[in-house]
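Read the structure below first, then the notes.
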Protein chains: 2
Amino acid sequence: MVQPVREKNKITSFDIAHRAGVSQSTVSRALRGSPLVNEETRRRIQAAVEELNYKVDKNASSLRRKHSGTLALLLFEDPTADESHINPFFLSMLGSITRACAQEGYDLLVSFQQLSHDWHADYADTKKADGIILLGYGDYLAYRDKLRKLAEQGTRSVRWGAVLPDQPDVSIGCDNHAGGRMVTEHLLAQGCRRIAFLGEASTHYPEFFARYLGYAEALEQAGLAADQALQADAESTERSGYEAVETLLARGERFDAVFAASDLIAIGALQALNARGLQVPRDVALAGFDDIPMASFVNPPLTTVLQDTQQAGRLLVDALLRLIRGEVVESAMLPVTLKVRRSSLWKQER
Amino acid sequence: MVQPVREKNKITSFDIAHRAGVSQSTVSRALRGSPLVNEETRRRIQAAVEELNYKVDKNASSLRRKHSGTLALLLFEDPTADESHINPFFLSMLGSITRACAQEGYDLLVSFQQLSHDWHADYADTKKADGIILLGYGDYLAYRDKLRKLAEQGTRSVRWGAVLPDQPDVSIGCDNHAGGRMVTEHLLAQGCRRIAFLGEASTHYPEFFARYLGYAEALEQAGLAADQALQADAESTERSGYEAVETLLARGERFDAVFAASDLIAIGALQALNARGLQVPRDVALAGFDDIPMASFVNPPLTTVLQDTQQAGRLLVDALLRLIRGEVVESAMLPVTLKVRRSSLWKQER
DNA sequence: CTGAAAGCGCTTACAG
DNA sequence: CTGAAAGCGCTTACAG
């Protein structure tokens, strides 16, 4: 950090007070909207503020009031993830969170970090932010302790993610289980019988795991068991989706559909299938999860599960503000919507 | 904004001082890395800091030091723009700016605003940020006055955009003119002769205008004049690109190539062409600008111009920090790269 | 409705 | 190398 060049004589509330012929306390009261200030006085102060182009110093204000009017957003990814691209789904969440903050009159501090970093003790402790929104993809079991520590320290935080029993924090997430079930039921209805699942299916990645569980449940209800051989681990990147398909194919597995745990995985899978001469949906039906903007532009357009990021952003900000106010906040789950596009229309193409 | 519940007894530098058996001033010195502190003393202080999990209060620190260690990013869009989606190109810039800030030890405050808002007097004046990065799409002539006011107030700011003579601020932008020329030369080399341009070509949108000028220059060098009838206004959205193609077609214009001033416009154009039964690139060659992630996933993959957002982010942050230090900073232009993909390979398909 | 005063938690010149 | 003290610019209880 750097020593900035000196400001010329900064305007303070004392200057306004002088100009308006009142005390500095009254200026402060007027600007904070106190009902105790005479209308006429308020007007004079307002005029002085405009003439001198005065702005309240937020550092002083925050120091005195003990909160900052700022929320922090921590976007984290696995250390393995490609540094240069951010998952489009998180980007979309970022947009809606920014908007929700603005609506509530809060500023938003944004940061990308590796999970390995000491983020649990950052913004809130230094008083730069009143609370933290956590958003990212990573090994849940590896960072659960950090969440616990956060909560113990009394840091206000909410997280986008799976809603689990017994978790140390407040989470807002979508109904991953229902999403997984809907996709799978749809693929079954297309006549598919051997449906591969691409994505880690373990408690390390609870969101993917819930999607997997929904998938398994739908299969069972159709009288089919989930076949372990048809599951391949993948994290949420195209490369990983590509490799997962290669793995299944190399093992000689046969499948008529692929349910990818995220759109990025699905897009990678699509390329791998094409590279092997398999056409989607004629040879293999394909579906993803997230409905990122790209999903409707790939060829064929991708069937996927829409999570309402606008609503999600609002809910996250809302929950965090209630936490800051000292209210009790429950984790919550958002409904999802199946978006059927051409990539899964297997029946039609036969 | 909201009254947060009261913190239990906050730990201050006085607590650390007490525990380490030194004065509070020495604690402050040690934590700011002053060379005046004895090694042994420093260690004791460090130990106390860790035991008590102390963090310097940034509000107090910023107030005293008169700068905040925070940069602000203002993303703005035309009021007409769709609220829910952010241009992917800006998103990519956001990612690289965030990273560059983190590398320099600065925090980043992010905000989306309409141009109509009074953003020119926000973060910097309230001391929440030491400087501002401006990033967006909008009518330059409409906001130039705001830029001027910003500069007059002494607010440190840099802008992503066209590098123009006589502009009131520091801009970092890519070589739009060269980009436009490269695309057009490439389309000419494919044998195209009637190349439409989609995007506003006026000083209101200097970046698009520079791309247009590069296009016109390439045409002239090939002995062709830019045909006014083949230009259609479009802002940087898919919808707008779609409509621009419809406009040209409705007018009965004939063209064998389309150069869209942005990828979003190009993608909309692609859909409009398809809707009219025109195939890309067989009937019409197509190229865009930006190389957003989606560009390589549309069908056919889109020829476009890559702007190096990683480097751009670094340069923006760098320039702003130099400004904050009081150095003289010049506007700068980044080179661009033509990415040839299938959408423009007209010759091959005939 | 208004003013004088204390104090938020630091940083840094000043004196040793 | 260290400490006592002033002060950054506000907000707010207290007294009127």
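Excluded from the calculations below are hydrogen atoms, water molecules and symmetry mates; all remaining heavy atoms, backbone and side chain alike, are included. Labels below follow one simple rule: chain letters A, B, ... track the order of the sequence lines, proteins then strands, and each chain is numbered from 1.
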- Item | Nearest-neighbour nucleotide for the A/V56 side chain, D/dT11, D/dA5, D/dG9 considered | D/dT11
- Using modelled atom types only, decide if a donor and an acceptor are shared between the side chain of B/S96 and the backbone of B/T309 within a distance under 3.5 Å. yes
- Any side-chain donor near an acceptor of the partner, B/K128 and A/T70, under 3.5 Å: yes
- Item | Any B/T26 side-chain N or O less than 4.0 Å from OP1/OP2 of D/dG3 | yes
- Query: Taking B/Q311 for the side chain and B/D308 for the main chain, is one N or O donor matched with an acceptor at less than 3.5 Å?
  - Reply: no
- Message: Can you measure A/L36 atom CG to D/dT11 atom P for me and round it to whole angstrom units?
- Response: 14 Å
- Message: From the set C/dC10, D/dT11, C/dG3, return the single nucleotide nearest to any side-chain atom of A/R65.
- Response: D/dT11
- Candidate nucleotides D/dT12, C/dG9, D/dT2, ranked by approach to the side chain of A/R29 - the nearest: D/dT12
- Task: Using a cut-off of strictly less than 4.0 Å, decide whether B/R32 has a side-chain nitrogen or oxygen near OP1 or OP2 of C/dT11.
- Result: yes
- Which value, rounded to the nearest 0.5 Å, describes the distance between A/K66 atom NZ and B/D57 atom CG? 8.0 Å
- Euclidean distance, atom NZ of residue B/K55 to atom C1' of C/dC8 [Å, nearest integer]: 20 Å
- What is the distance from CZ of A/R64 to C1' of D/dT11, rounded to the nearest Å? 5 Å
- Message: Output the rounded distance in Å from CD (B/Q24) to P (C/dG9).
- Response: 11 Å
- For B/S25, answer base if it contacts any base atom (sugar-phosphate contacts may also be present), sugar-phosphate if it contacts only those atoms, and nothing otherwise; contact means non-hydrogen atoms under 4.0 Å. base
- Message: D/dG9, OP1 or OP2 - any side-chain N/O from A/S13 closer than 4.0 Å?
- Response: no
- Message: Just N and O in the side chain of A/Y54: are any of them under 4.0 Å from OP1 or OP2 of D/dC10?
- Response: yes
- Whole-Å gap separating C1' (D/dT2) and CZ (B/R44): 12 Å
- Query: Under a 4.0 Å N-O cut-off, is there an ion pair linking B/K149 with B/E152?
  - Reply: no
- For A/T41, which contact category applies under a 4.0 Å heavy-atom criterion: base, sugar-phosphate, or nothing? sugar-phosphate
- Message: Once you apply a heavy-atom cut-off of 4.0 Å, does B/S62 come out as touching a base, just sugar-phosphate, or nothing?
- Response: nothing
- Pair assignment for D/dA13, Watson-Crick or G-U wobble, requiring both distances under 3.5 Å: none
- Message: How many whole angstroms separate atom NZ of A/K58 from atom C1' of D/dG9?
- Response: 14 Å
- N or O in side chain of B/K66 less than 4.0 angstrom from D/dG9 OP1/OP2: yes
- Task: Ignoring backbone atoms, establish whether B/S61 has a side-chain N or O less than 4.0 Å from OP1 or OP2 of C/dC10.
- Result: no
- Which residue lies toward the 5' end of DNA chain C, B/L31 or A/R42, if each is placed at its nearest nucleotide? A/R42
- May I ask you to say what B/S28 touches in the nucleic acid, namely base, sugar-phosphate or nothing, with a heavy-atom cut-off under 4.0 Å? base
- Item | Whole angstrom value for the distance that separates P of D/dA4 from CZ of B/F14 | 10 Å
- Rounded C1' spacing from D/dT12 to D/dG16 in Å: 16 Å
- Item | Expected output: side-chain A/D130 to main-chain A/L71 donor-acceptor under 3.5 Å | no
- What is the pairing partner of D/dA4, taking Watson-Crick or G-U wobble pairs with both distances under 3.5 Å in any strand? none
- Message: Distance check needed: D/dG9 P versus B/K127 NZ, whole Å only.
- Response: 9 Å
- Task: Return the 5'-most residue of the pair B/L63, B/E39 with respect to DNA chain D, ranking by each residue's nearest nucleotide.
- Result: B/E39
